[in-house]
Amino acid sequence: MLLSMTGYGRGQHTSSGKTYIVELRSLNSKQTDMRLRCQRSLGEYEMTLRKMVTDFANRGKLELSVDIRSQEGEDGVSLNIPLLKRLHSQLLAHPEFNLGGDAGALLAGLIRLPKVAEAQDQQLTEEEIEALEKATQTCLDNFQNYRVSEGEVMASDLNQSASAISELLDSVAPFEAARIDRVKERLHKQLEDFQNRQNVDQNRFEQELLYYLEKMDINEEKVRLAQNCEHFIEELKNDNSVKGRKLSFISQEIGREINTLGAKAHSSDIQRLVVQMKEQLEQIKEQLANVV
């Protein structure tokens, strides 16, 4: 199973005349970064909510929003009556403000001032905490379903790209014979040049020849590249839900073998295949940036 780091979930639960609405959004990030938006009354439950969400999400840039709404229209707001009276009296004592006797407009303006209308800090009851946890769990379940759905599409694309690299690797073999023939022809010409010279150290020449042939051999790179692609596909199909970092490490190994293969190619045909492999690898890297 593969999980997308991008996701969205919403949960809602109603109990005792209040509706609890929880929303969670996630974007890709190398670490876990969470932002919580909630009412002041939930301050003491903030750490519990954070742990509940971060343990579930594992990775990503998370934004959790919690809203509590009363069906009776009570909004949990209290008026600071002494402050409101004092401000009202001070305004009426100054006729230069020319208020025009519109008491309704005056009170509406005063209520908007800081500290006049404040949210009440009320502790949640056990029943309310249970309702909040149910809404949060529903949100997380929907969030997980979203990530699984996105992850299935990503897993299919990643599997296709890794398989494409394997197929391109199989296409290298037909060009190796011509590559070896060209190398042999070039070495024979160089050998003839050496033989026409005097004081040629044959032992040294054979050592240089073996070293050169070893440097051009690509069998090890082909074997390791095939193994890494196979390992990548196996990791995609296992049951682990958190595998983004491991897949990234394997993709780095795939890139290293592709680069070495290209450096040793000495063949325009093989170089074209290497370029196509790199194109598929870039698609893999782009997808892995969004994998949990």
Lys264 pairs by salt bridge (charged side-chain N to carboxylate O under 4.0 Å, His left out) with which of Glu176, Glu257, Glu221?
Glu221

Note: Arg147 and Phe56 closest approach over all heavy atoms is NH2-O, 3.6 Å

Are the side chains of Val172 and Val274 in touch, meaning some heavy atoms are under 4.5 Å apart?
no

Gln12 and Thr138 side chains, donor-acceptor separation under 3.5 Å
no

Worked verdict on Asp67 versus Arg69 for salt bridge (charged side-chain N to carboxylate O under 4.0 Å, His left out)
CA-CA 6 Å; Asp67 188 20; Arg69 301 175 185 176; 2.7 Å; yes

In terms of hydrophobic clustering (I, L, V, M, F, W, Y; side-chain heavy atoms under 4.5 Å; direct or indirect links), are Tyr45 and Leu64 co-clustered?
yes

Got Ser26 and Thr6 here, is their nearest side-chain heavy-atom distance under 4.5 Å?
no

From CA spacing to verdict: side chain to side chain contact (heavy atoms under 4.5 Å, CB included), Val66, Arg37
CA-CA 6 Å; Val66 181; Arg37 295 191 297 117; over 6 Å; no

Between Ser251 and Leu288, what is the shortest heavy-atom contact and its length?
OG-CD1, 3.8 Å

At what distance, to the nearest 0.5 angstrom, does CD of Gln280 lie from CD of Glu282?
11.0 Å

If we ignore hydrogens and angles and just use 3.5 Å, is the side chain of Asn142 paired with the main-chain N or O of Arg10 as donor and acceptor?
yes

Spacing of SG belonging to Cys229 relative to CD belonging to Gln227, to within rounding of 0.5 Å:
10.5 Å

Ignoring hydrogens and angles, state whether a donor on the side chain of Lys61 or Asn28 is under 3.5 Å from an acceptor on the partner side chain.
no

Contact check, side chains of His231 and Lys246, non-hydrogen atoms, under 4.5 Å
yes

Quick one: closest heavy-atom pair of Pro174 and Asp170, and the distance?
CD-O, 3.8 Å

Among side-chain atoms of Glu128 and Ser15, is any donor-acceptor pair under 3.5 angstrom?
no

Does any non-hydrogen side-chain atom of Leu140 lie less than 4.5 Å from one of Met52?
yes

So CD of Glu133 and CD of Glu130: to nearest 0.5 Å the spacing works out to 7.5 Å

Look only at the side chain of Ser248 and the backbone of Gly244, and say whether a donor-acceptor pair between them is shorter than 3.5 Å.
yes

Are Met154 and Phe143 linked, directly or through intermediate hydrophobic residues, by side-chain heavy-atom contacts shorter than 4.5 Å (ILVMFWY only)?
no

Would Glu220 and Arg224 satisfy salt bridge (charged side-chain N to carboxylate O under 4.0 Å, His left out), going step by step from the backbone distance to the final call?
CA-CA 6 Å; Glu220 289 187 11; Arg224 286 196 294 265; 3.4 Å; yes

Going by heavy atoms in the side chains, are Ile165 and Asn228 under 4.5 Å from each other?
no

Would you say Asp33's side chain and Ser29's backbone share a donor-acceptor pair under 3.5 angstrom?
no

Using a 4.5 Å cut-off on heavy atoms from C-beta on, say whether the side chain of Gln144 contacts that of Leu3.
yes

d(Cys139 SG, His13 NE2) to nearest 0.5 Å is 14.5 Å

With no hydrogens and no angle check, is any side-chain donor or acceptor of Gln39 less than 3.5 Å from a backbone partner on Ile68?
yes

Does the side chain to side chain contact (heavy atoms under 4.5 Å, CB included) test come out yes or no for Leu273 and Leu169, once each step is laid out?
CA-CA 8 Å; Leu273 293 174; Leu169 180 60; over 6 Å; no

Do Ile254 and Phe232 come within less than 4.5 Å of each other through their side chains, counting heavy atoms only?
yes

Test item: side-chain donor near acceptor, Glu235 and Asn238, under 3.5 Å:
yes

Side chain to side chain contact (heavy atoms under 4.5 Å, CB included) evaluation trace for Leu24 with Val53:
CA-CA 9 Å; Leu24 177 61; Val53 174; 3.9 Å; yes

Start with the C-alpha distance between Leu2 and Leu158, add both sets of side-chain angles, then the distance that settles side chain to side chain contact (heavy atoms under 4.5 Å, CB included), and finish with yes or no.
CA-CA 10 Å; Leu2 195 72; Leu158 288 168; 3.8 Å; yes

With the side chain counted from C-beta on, respond yes when Asn58 and Thr32 share a heavy-atom pair under 4.5 Å apart, and no when they do not.
no

Can you get from Met1 to Met5 by hopping between Ile, Leu, Val, Met, Phe, Trp and Tyr side chains that sit under 4.5 Å apart?
yes

Nearest-0.5 Å distance that lies between atom OG1 in Thr136 and atom CD1 in Ile21:
12.0 Å

Is there a path of hydrophobic side-chain contacts, each under 4.5 Å between heavy atoms, that joins Tyr146 and Met34?
no

Tyr20, Ile129: one ILVMFWY side-chain cluster at the under-4.5 Å cut-off?
yes

What closest approach, in Å, do Lys30 and Arg245 show between heavy atoms, and which atom pair accounts for it?
O-NH2, 2.9 Å

When rounded to the nearest 0.5 angstrom, what distance separates CD in Glu44 from CG in Leu49?
11.0 Å

Tightest non-hydrogen contact, residues Ile284 and Ala162, listed as CD1-N, 4.0 Å

Side chain of Ser161, backbone of Asp157: donor and acceptor closer than 3.5 Å?
yes

What do you reckon, is CD of Glu234 surrounded by more than 12 foreign heavy atoms closer than 6.0 Å?
yes

What one should report as the nearest heavy-atom pair of Ser4 and Glu150 is CB-CB, 3.4 Å

Is there a donor-acceptor pair closer than 3.5 Å between any side-chain N or O of Lys243 and the backbone N or O of Leu236?
yes

